[in-house]
Amino acid sequence: MALVEPTAREAGQDFIRDIVRADLASGRHKSVVTRFPPEPNGYLHIGHAKAICLSFGIAEEFGGHCNLRYDDTNPTREAQEYIDAIERDVHWLGFDWSSHLYHASDYFEQLYAWAEDLIRAGKAYVDDQSQEEMRATRGTLTEAGTESPYRGRGVEDNLDLFRRMRAGAFANGARVLRAKIDMGSGNINLRDPVLYRILHTAHPRTGTAWCIYPSYDFAHGQSDAIEGITHSLCTLEFEDHRPLYDWLLDNLPVPSRPRQYEFARLNLTHTVLSKRVLTELVRGGHVAGWDDPRMPTLAGLRRRGVPPAAIRDFVKRAGVAKANSIVDMAMFEFSIREHLNKKAARRMAVLRPLKVVIDNYPHGQSEEIEALNHPDDPAAGTRRLRFSRELYVERDDFKENPPKKFFRLSPGAEVRLRYAYFITCREVKKNEAGEIVELRCTYDPATKGGNAPDGRKVKATLHWVSASDSRTAEIRLYNPLFARPDPNPADFAAELNPNSLDVVADARVEPALAGRNSGAAVQFERQGYFCLDADSTPERLVFNRTVGLRDNWAKIAGT
RNA sequence: UGGGGCGUAGCCAAGUGGUAAGGCAGCGGAUUUUGAUUCCGCCAUGCGGAGGUUCGAAUCCUCCCGCCCCAGCCA
């Protein structure tokens, strides 16, 4: 049997890791340096998680490091709120940049010096055309552009003008610095791209020191080079920018030579991963905020109760490739359940209570019942439940006229109450409106703990809660933000699922659920995984459903 | 007859000339004091299509079809 190198086995298998491996093997690089470069103009979402896991993951696997770098080249869009959120979310996801926190704005002075170098080399010029004129002369997808009348400007003029741009002599939009490449290129990014624009706007970090700011293209590759990035990983839409990325690095005296590689963004069914749309969902009040548990943001997923390890696992399962794809939400839910199943303590909670009275259980009596905290993990211990004459069970667990294959409670049927006794439904009580308000049942004292000495079996085990010894709680059930698997982002408002939030105000939960720490996940048996919401108080418990359990009965019943 | 990418099962995705991995979903079955979990089995004569090269093609060649990205002084 062939030996497999452990690190090689742990490292994912994808074309980018293949490249990294080959670069290390050939000696092109001795170590690996990557970077995650968000622009602080919004919250991170699960799409970013893919990029984070990729860049930080590769650095980890190959013994290098990954920088967190803010791509803060456009002060009109960025804010401190987003910077704080990004750092919190990357850490929460499980990654650490240690001392490698950088900003493109740290390099403004160097970038400016390189721009002057380009001018001196005759490879950049100041263009006086208006934005409209530039657009009109850029050409189209099928036609070449035409050269600017200022393209032939001399080096001294360009230098003088560029310095005056920096000094604040001109208004926004009056002039730009452009690279002199090829107005006839099939790649529009090479048609004399803008390198610097005038923006009389204060920057969160550099304040008013600058009134000209480098474009993404002029900042990104050089920032990579300054930081010694070896593999600069980004999404597919930047493929067209790579020739410009390379052109700048080839024409500037940069200290290292990074390479850019592109992969497909993550898309998920039933949601939208577009910063623009997510921002509008928040600003338009369609959700409660960036951390609304229905949001695909990391902040939303955290509040929802999704473990970061589940996100990492999901991203790994989805893979890294160049084909555009939309991953089924079911795959994400599988990862969430897999992680929660192992760790979550089991509890009982009745979402929609139906009162049950045990007629042959003495008035005023009650007893303690021991219940497992985790059936597959004895180390999780036990807890005590109080069993008494009046209980609550789930409304859905009773049917007066049970359909075929329904083996929960119905008139005359016997079921087990988890960890307690077998009970049999004897009578159904209704109100004037004909609604079922109470079940009268009998219990078999010989079945204490849930087993019948005579060996008789029961086809269902129900969760329950004592009427007197339970607490009411609010439980928030979440459904996909978008009902259709592939919502159109251009018309997202019309695509919103009106039933994405279902608030159950009067659930009853076992007392052990009070006073637990909010971070821990619990499984409400037979229902799903839940966590305490940030809105919860000792007086008013509020739970979020992270994800439901798989439900074969729903399939059989066709609901 | 602009440039750059991508097409392998319902959804992801390996595979790089030697006879289609794996996961999710689905479907059977076993176990089960959660209709959960766990376990077992099934699920592409087929790789966008048509030709060609070869003993042999998802992999190489030719032509065709489809989808995505690019015309910000956004990133």
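Every chain is numbered from 1 and lettered A, B, ... according to where its sequence line falls, protein lines coming before strand lines. Computed from heavy atoms alone, side chains included, the values below leave out hydrogens, waters and symmetry copies.
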Residues Phe263(A), Phe15(A); criterion ring pair (Phe, Tyr, Trp, His ring centres under 6.0 Å); working and verdict: CA-CA 9 Å; Phe263(A) 60 91; Phe15(A) 76 100; 8.1 Å; no
Rounded distance in Å - CD (Glu510(A)) to C1' (rU34(B)): 13 Å
d(CG, Leu195(A); P, rC74(B)) in whole Å: 13 Å
Sugar-phosphate, base or nothing in reach of Arg77(A), heavy atoms under 4.0 Å: base
Side-chain (Gln523(A)) to main-chain (Leu340(A)) donor-acceptor, under 3.5 angstrom: no
Presence of Arg138(A) side-chain N/O under 4.0 Å of rG72(B) phosphate oxygens OP1/OP2: yes
Nucleotide nearest Ala330(A) when distance is taken to its side chain, options rA75(B), rA25(B), rG35(B): rA25(B)
Touch class at under 4.0 angstrom, heavy-atom based, for Arg317(A) against every strand present: sugar-phosphate
Conformer about C1'-N of rG72(B) - syn within 90° of 0, anti elsewhere: syn
5′-ward residue of the pair Gly173(A)/Lys50(A) relative to RNA chain B: Lys50(A)
Donor-acceptor pair (no angle test) under 3.5 Å: Arg550(A) side chain, rU37(B) base: no
Rounded distance (Å) that lies between atom P of rG35(B) and atom NZ of Lys399(A): 15 Å
Minimum-distance nucleotide to Arg197(A) side chain [options: rC73(B), rG2(B), rC11(B)]: rC73(B)
C1' spacing across the pair rC12(B) / rA44(B), given as an integer number of angstrom: 15 Å
Check: Asp313(A) side chain, Ser335(A) main-chain N or O, donor-acceptor pair, under 3.5 Å: no
Geometric class of the His220(A)/Tyr245(A) ring pair [parallel <30°, tilted 30-60°, perpendicular >60°]: tilted
Closest to side chain of Ser215(A), choosing from rC11(B), rG2(B), rA75(B): rA75(B)
Presence of donor-acceptor pair under 3.5 Å, side chain of Asn187(A) and base of rG4(B): no
Ring geometry between Phe332(A) and Phe314(A) (parallel below 30°, tilted from 30 to 60°, perpendicular above 60°): tilted
Cation-aromatic face contact Arg418(A)/Trp464(A), 6.0 Å, 45 degrees: no
rG26(B): pairing nucleotide in any strand, Watson-Crick or G-U under 3.5 angstrom: rC42(B)
Sugar-phosphate only, base, or nothing, as touched by His241(A) at under 4.0 Å among non-hydrogen atoms: base
Integer-rounded Å distance: rG23(B) P and Asp328(A) CG: 16 Å
For rC73(B), the Watson-Crick or wobble counterpart (both distances under 3.5 Å): none
Touch class at under 4.0 angstrom, heavy-atom based, for Phe238(A) against every strand present: base
Sugar-phosphate only, base, or nothing, as touched by Ile326(A) at under 4.0 Å among non-hydrogen atoms: sugar-phosphate
Nearest-angstrom distance from the residue atom CZ of Arg191(A) to P of rC70(B): 15 Å
Tyr216(A) aromatic ring stacked with six-membered ring of rA75(B), 5.5 Å and 30°: no
Whole angstrom value for the distance that separates P of rG15(B) from CD of Gln13(A): 7 Å
Closest nucleotide among rU34(B), rG3(B), rC73(B) to the Gln131(A) side chain: rC73(B)
Sugar-phosphate, base or nothing in reach of Phe407(A), heavy atoms under 4.0 Å: base
Sugar-phosphate only, base, or nothing, as touched by Phe334(A) at under 4.0 Å among non-hydrogen atoms: sugar-phosphate
Sugar-phosphate only, base, or nothing, as touched by Thr76(A) at under 4.0 Å among non-hydrogen atoms: nothing
N or O in side chain of Lys555(A) less than 4.0 angstrom from rG26(B) OP1/OP2: yes
Phosphate-side-chain proximity, Asn552(A) and rA36(B), N/O vs OP1/OP2 below 4.0 Å: yes
Under 3.5 Å donor-acceptor pair, Gln523(A) side-chain atoms to rU34(B) base atoms: yes
Lys/Arg cation over aromatic Tyr392(A): Arg508(A), 6.0 Å, 45° cone: no
Minimum-distance nucleotide (side-chain atoms of Ile188(A) versus rG35(B), rC69(B), rG2(B)): rG2(B)
Candidate nucleotides rG35(B), rC69(B), rC11(B), ranked by approach to the side chain of Asp551(A) - the nearest: rG35(B)
Sugar-phosphate, base or nothing in reach of Tyr419(A), heavy atoms under 4.0 Å: base
Of the listed nucleotides rG5(B), rC24(B), rU34(B), the one nearest the side chain of Pro375(A): rU34(B)
Lys/Arg-Asp/Glu bridge criterion (N-O < 4.0 Å) met for Glu414(A), Arg456(A): yes
Side-chain N or O of Ser185(A) closer than 4.0 Å to phosphate OP1/OP2 of rG2(B): no
Sugar-phosphate only, base, or nothing, as touched by Arg337(A) at under 4.0 Å among non-hydrogen atoms: nothing
C1' spacing across the pair rU53(B) / rC60(B), given as an integer number of angstrom: 8 Å
Touch class at under 4.0 angstrom, heavy-atom based, for Asp71(A) against every strand present: sugar-phosphate
Closest listed nucleotide, where the reference is the side chain of Ala323(A) and the choices are rG26(B), rG4(B), rC6(B): rC6(B)
Between P of rC73(B) and CZ of Arg166(A), the distance in whole Å: 23 Å
Which nucleotide in rU34(B), rA75(B), rC12(B) has an atom nearest any side-chain atom of Asn74(A): rA75(B)
Base of rG35(B) paired with side chain of Arg408(A) (donor-acceptor, under 3.5 Å): yes
Sugar-phosphate, base or nothing in reach of Thr140(A), heavy atoms under 4.0 Å: base
Residue whose nearest RNA chain B nucleotide is more 5′ - Asp127(A) or Arg346(A): Arg346(A)
Side-chain touch Ile423(A)/Val415(A), heavy atoms, less than 4.5 angstrom: yes
Touch class at under 4.0 angstrom, heavy-atom based, for Val320(A) against every strand present: sugar-phosphate
For atom NZ of Lys457(A) and atom P of rU32(B), their distance in whole Å: 7 Å
Sugar-phosphate, base or nothing in reach of Asn451(A), heavy atoms under 4.0 Å: base
P gap between rA21(B) and rU62(B), integer Å: 29 Å
Donor-acceptor pair between Ser232(A) and Arg35(A) side chains, under 3.5 angstrom: yes
Complement of rU62(B), any strand, by Watson-Crick or G-U distances under 3.5 angstrom: rA50(B)
rC73(B) phosphate, OP1 or OP2, under 4.0 Å from Arg178(A) side-chain N/O: no
Proximity to the side chain of Leu141(A) - top-ranked nucleotide from rG5(B), rU37(B), rC70(B): rC70(B)
